[in-house]
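All figures in this text were calculated on a predicted structure; none of them were measured in a lab. Just so we're on the same page: letters track the sequence lines, and every chain starts at 1.
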Protein chains: 4
Amino acid sequence: MIIVMKENATDEQKERVKKRLTELGFDIHQSTGVLKTIFGAVGQVTGWLVEEMQALEGIDQAFRVSDPFKLAGRSFHPDPTVIRVGKAEVGGNRVVVMAGPCSVEDREGMRRIARSAAAGGATVLRGGAFKPRSSPYAFQGLGKEGLEILAAVAAESGLATVSEVMDTRDVDLVCRYVDVLQIGARNMQNTPLLKEVGRTAKPVLLKRGLSATIEEWIMAAEYVMSEGNYQVMMCERGIRTYETSTRNTLDISAIPIVHEKTHLPVVADPSHAVGRRDKVIVMARAAVAAGADALLVEIHHNPEVAVSDGPQTLFLEQFAQMMAEIRPVARAIGRDA
Amino acid sequence: MIIVMKENATDEQKERVKKRLTELGFDIHQSTGVLKTIFGAVGQVTGWLVEEMQALEGIDQAFRVSDPFKLAGRSFHPDPTVIRVGKAEVGGNRVVVMAGPCSVEDREGMRRIARSAAAGGATVLRGGAFKPRSSPYAFQGLGKEGLEILAAVAAESGLATVSEVMDTRDVDLVCRYVDVLQIGARNMQNTPLLKEVGRTAKPVLLKRGLSATIEEWIMAAEYVMSEGNYQVMMCERGIRTYETSTRNTLDISAIPIVHEKTHLPVVADPSHAVGRRDKVIVMARAAVAAGADALLVEIHHNPEVAVSDGPQTLFLEQFAQMMAEIRPVARAIGRDA
Amino acid sequence: MIIVMKENATDEQKERVKKRLTELGFDIHQSTGVLKTIFGAVGQVTGWLVEEMQALEGIDQAFRVSDPFKLAGRSFHPDPTVIRVGKAEVGGNRVVVMAGPCSVEDREGMRRIARSAAAGGATVLRGGAFKPRSSPYAFQGLGKEGLEILAAVAAESGLATVSEVMDTRDVDLVCRYVDVLQIGARNMQNTPLLKEVGRTAKPVLLKRGLSATIEEWIMAAEYVMSEGNYQVMMCERGIRTYETSTRNTLDISAIPIVHEKTHLPVVADPSHAVGRRDKVIVMARAAVAAGADALLVEIHHNPEVAVSDGPQTLFLEQFAQMMAEIRPVARAIGRDA
Amino acid sequence: MIIVMKENATDEQKERVKKRLTELGFDIHQSTGVLKTIFGAVGQVTGWLVEEMQALEGIDQAFRVSDPFKLAGRSFHPDPTVIRVGKAEVGGNRVVVMAGPCSVEDREGMRRIARSAAAGGATVLRGGAFKPRSSPYAFQGLGKEGLEILAAVAAESGLATVSEVMDTRDVDLVCRYVDVLQIGARNMQNTPLLKEVGRTAKPVLLKRGLSATIEEWIMAAEYVMSEGNYQVMMCERGIRTYETSTRNTLDISAIPIVHEKTHLPVVADPSHAVGRRDKVIVMARAAVAAGADALLVEIHHNPEVAVSDGPQTLFLEQFAQMMAEIRPVARAIGRDA
């Protein structure tokens with residue numbers, strides 16, 4: 001940690017900073033410039049400690065020189081983590097495709113979707129049973145019944161499953177039905193929920209919060225991992241910006257940055273990012289070209305009447321088209337899909 | 001709802017839109033321009049329905065003409081809602097002040113803070129027992145013990161209390177100790193939690209999400225209200241922008257806009273917005289001038305060593321100064337403080 | 001244009017709206033709902049007119065149903081525009097590569113860069129002679145001398161040239177030396193400059209403003225085109241967001257959206273977007289996968305001591321690597337590079 | 001400047017950093033931690049130099065410890081700068097009010113506006129003659145004729161004047177007619193224009209760019225000042241955020257921050273910030289409470305038919321109301337208005 005004192009900091013203030021650093025177990029290097037005094041503090045510095053140091057009067061700036069996460073970082077685990085989901089390996093050479101409707105609606109429709117997903121080359125079936133809708137008057141998901149349909153239908157087509165859990169009280173229930181627990185963007189900093197899924201043995205698909213920095217997102221993964229569950233997939237799904245021609249802005253640069261900073265696989269969700277089906281395929285191509293380990297896309301046999309997220313949901317033929325377009329891109333960068 | 005068809009929309013697509021609107025119970029007005037066909041749909045339109053309509057092929061844009069909320073809106077309740085908290089009335093003529101540390105740390109410190117809060121004119125004591133920290137390695141709050149200290153100390157000084165609840169499983173517990181349930185910014189769209197506090201009889205202080213639009217924030221209030229609890233205070237605490245010289249950007253214009261769109265009282269939190277104690281007082285003045293019904297500020301007897309949020313926490317003397325500065329501003333706009 | 005009146009709009013206000021629309025030459029459709037009256041106005045509506053209508057009291061919202069641009073739009077020119085730059089065709093099947101240093105520094109270095117650019121497959125040499133630096137104390141460019149070096153060195157290697165013009169007074173000068181006039185992000189809404197380059201016969205590379213919406217960006221192109229110069233290339237170079245791990249956020253979804261809304265070719269600049277050389281190649285791949293017609297990248301024989309933008313500038317070997325990586329991606333989507 | 005080397009930086013890279021710092025005239029302090037080596041460089045560091053250092057391989061982060069501006073900073077000029085404009089003093093105890101239409105339209109209307117402005121207590125008349133419109137098809141201003149009307153009408157009412165200049169070629173012309181040169185938000189980083197107004201003897205009102213950081217905004221002031229003109233007023237006019245219920249978000253915290261970092265007076269423009277007339281007065285009150293030295297507001301005798309910015313323009317009676325509301329707020333913080 002580096003601490004820069006204000007130009008007009010008093011000697012007493014400087015002493016207090018040194019005293020506090022010493023109390024916290026740091027070695028201190030002092031560097032006295034013409035205008036400003038700088039302290040370098042060597043030791044175990046966690047992110048919050050830097051913030052706390054800034055509470056001292058007389059400090060101009062305090063910088064961290066290390067990342068605030070540990071378990072998610074490359075120092076802890078230099079090789080990329082590969083997470084097995086059914087027969088797929090997320091983080092391996094093959095780009096994994098997870099597809100399905102926003103919400104599970106009914107068994108027959110789900111069955112059609114699952115068959116097309118499997119036929120197209122998806123290995124994981126998505127489908128929401130607990131839905132975080134903006135309006136309390138919108139469809140909130142089928143709950144347990146939705147999970148049952150999802151599990152049954154996926155099994156028929158040989159697919160693994162992913163579904164969102166929103167409430168700490170539902171974690172056990174969802175674990176009984178699905179292969180991957182999804183934490184939605186709105187719950188990325190729901191720390192009790194992160195801890196709870198961290199205590200399960202299920203892989204976690206962690207969506208980036210609507211306006212989470214990459215660091216905050218990795219810290220959310222750290223919450224899960226700090227409870228013992230190291231199987232976290234990081235899912236970029238678009239961030240909130242001022243631009244309104246897409247629902248969100250897919251931050252494709254987050255893919256290589258998370259790959260650099262962590263050992264965790266990265267999933268891209270072009271559907272939620274753009275919010276309109278006519279731009280999903282092109283963004284899927286871009287995400288694969290940028291190194292995404294998996295794609296999460298919304299597909300439906302009749303998206304025009306889907307109960308949620310219809311505008312961004314691909315028709316089943318469009319899904320087949322997407323698969324046909326991403327395969328050569330994957331191969332162009334030395335991967336399969 | 002207004003639906004604008006694409007220039008190249010087919011007749012079949014137009015028919016499908018009309019059919020779907022009719023199924024949903026709308027009356028339809030069609031307006032055929034040179035380039036584009038426009039449908040006006042009259043009926044009960046909720047926000048999500050507009051989104052769903054956009055799923056139909058051939059639609060260029062779909063606009064809502066009514067707000068997506070009901071219970072929070074002025075049509076439902078034209079007069080401003082006044083919420084009683086202890087002896088204070090949030091939404092009344094007097095600007096209510098809620099003050100206290102970020103986290104409850106220990107009984108003796110809390111006692112000193114509470115006395116200064118009461119002496120300065122605050123009527124509600126804040127203090128976190130469950131803390132949503134960015135890092136799993138940072139202090140997570142004292143939990144139940146923190147609630148006990150908060151309640152006991154507040155009672156000694158004749159103050160009401162507000163504290164955050166983060167987990168649906170803790171709502172009952174927190175209700176036993178505090179007067180106001182706080183929903184933090186990170187949980188603004190934690191819909192199970194919103195529903196759960198909506199089933200209690202306690203006033204709710206609902207913080208705006210880090211990058212929530214005003215409409216999403218009001219929809220979160222609607223979630224609480226849809227369960228029967230109409231006592232919601234809207235707390236503006238700064239939004240995330242590209243600017244880094246403050247921790248967040250206090251969106252003061254949100255105060256008059258929420259006042260216009262809803263009947264709910266508005267609280268301003270300058271501490272979290274600016275993130276540095278030397279700018280809290282000036283922003284408190286601005287918030288009062290803009291019509292905030294209450295202020296929520298962090299104060300501590302020794303903020304330099306506070307376990308959380310120290311940099312933005314006022315010294316007790318600064319709190320007295322803040323009260324001295326906001327009173328004439330409140331009077332200047334015809335209120336008390 | 002659609003105009004939604006407020007619930008409490010008076011009859012007099014409604015009449016004034018109708019009168020004003022009639023004065024402006026519109027046909028009016030009125031649709032009276034239970035709560036709100038809606039007017040559809042059919043005629044030639046430009047963007048600013050919608051804004052002006054909102055000035056009338058009693059109006060709740062006014063929406064445009066057509067795009068505010070004409071010359072840049074697909075209705076005006078359905079086929080994609082192909083712009084010839086030297087021997088390259090921007091907007092054709094081959095992905096064009098424009099490479100060079102941020103600033104022109106000296107003839108010998110420039111010569112080395114140009115040779116590597118040409119050898120790698122670039123067809124356009126970039127190099128700034130007038131630099132819009134954040135600080136008045138930073139290097140401001142070599143001016144006319146820089147243009148001379150750029151032109152001479154490019155000719156030796158058979159490359160075309162692109163360089164920024166910042167001042168209306170310099171347009172003639174820059175035209176004498178370069179093949180493409182660049183309008184920088186900071187000048188995207190410098191309307192006198194847009195008009196001035198619109199009066200030349202040179203292709204214009206128009207960078208998206210730091211936080212310009214796609215619509216504002218297209219309107220800037222419209223400024224150039226409204227003066228008679230239709231050869232505009234749209235350059236996405238990253239937008240400003242709250243995320244700080246990259247200098248800007250490359251909005252890759254802007255590529256297909258500009259392609260849909262306009263007939264103009266789209267250039268991607270991964271260098272300015274990410275601001276760090278280790279992420280340029282991967283983002284170049286993603287941009288090509290998303291359909292970019294050209295890439296603009298910064299390269300230098302010794303980027304560690306480049307006078308500007310060194311951190312994001314590729315070493316010459318990295319440029320060769322980039323070319324090797326984008327070619328298979330271009331072929332994967334049916335293009336050359 | 002502080003330079004943090006990457007964990008895996010080689011000795012050769014470290015030596016190159018030291019060599020480069022020495023070449024640039026710095027004294028170096030080295031601090032070798034367990035994982036990372038840190039260099040403190042003492043000397044004259046300008047902002048761009050920090051960026052350039054980051055170009056060296058092996059560097060993880062480089063931090064500035066001093067502000068990148070000089071002339072605008074408090075070290076250079078500890079006391080607040082007071083700028084005389086006609087009979088007003090911007091930066092003095094009295095809050096100065098600048099009012100007028102967005103665009104100068106015609107002499108008679110302008111006369112009515114000027115009289116009301118003066119009667120209400122404004123001392124400066126605003127009015128645009130050169131307008132930076134989003135659309136080339138919108139009204140672009142009356143040019144020289146507009147300046148003549150503005151100057152003549154202001155003189156009749158004893159007001160000073162402010163008007164925007166957009167083109168370096170127009171600076172002389174505008175100087176002949178107005179008392180204050182306005183640089184618009186879209187031209188905040190038009191560096192040739194900044195330098196050109198820096199060579200005049202007229203005070204400059206420098207609007208913050210649409211998404212400029214406070215530091216970039218101050219650097220723009222530094223451009224003006226570096227040419228010898230120290231009379232710069234900083235005008236906060238709202239920043240671009242994701243929120244759409246206001247046109248921009250008025251960053252009121254920028255007022256105290258600019259006051260802390262610079263000696264320059266700060267003007268607030270609530271009209272452009274909120275974009276709707278019904279929220280201008282309340283935001284004017286908040287800006288005054290936060291310490292704004294002046295307000296810039298749009299007023300018109302018939303804003304419903306104003307040729308530009310009508311929606312945010314106050315009726316003349318509303319302007320009188322605004323003056324009545326801000327005066328007690330100014331007095332509440334010890335100022336006049």
Heavy-atom pairs under 4.5 Å with chain A: which of C:A212, C:A330, C:S211, C:P256 has the most? C:S211
Per-residue tally against chain A (heavy atom, under 4.5 Å) across C:I239, C:I255, C:D278, C:V288 peaks at C:I239
Taking all non-hydrogen atoms of both residues into account, name the closest pair between A:A286 and C:A290 and its distance. CB-CB, 4.1 Å
Residue part contacting chain C, namely of A:V274, when any heavy atom lies under 4.5 Å: side chain
So which of C:A254, C:A284, C:S245, C:G238 has the biggest tally of heavy-atom pairs under 4.5 Å with chain A? C:S245
Residue part contacting chain C, namely of A:R240, when any heavy atom lies under 4.5 Å: backbone
Engaged part of A:T241 at the chain C interface, taking heavy atoms whose separation is under 4.5 Å: side chain
Does the side chain of C:V282 reach to within under 4.5 Å of the side chain of A:H259, using non-hydrogen atoms? no
If you round to the nearest 0.5 Å, how far is CZ of C:R247 from OG of A:S253? 13.5 Å
So, the side chain of A:E243 versus the backbone of C:I214: is there a donor-acceptor pair under 3.5 Å, distance only? yes
Straight-line distance of A:L250 CG to C:L250 CG, nearest 0.5 Å: 10.5 Å
Chain A shares the most heavy-atom pairs under 4.5 Å, among C:R208, C:E325, C:R331, C:K261, with C:R208
Hey, which of A:I281, A:T246, A:V329, A:I257 has the most heavy atom pairs under 4.5 Å with chain C? A:I257
What residue in C:E215, C:E260, C:R327 has the most heavy-atom pairs under 4.5 Å with chain A? C:E260
Under 4.5 Å to a heavy atom of chain C? For A:I252 that would be both
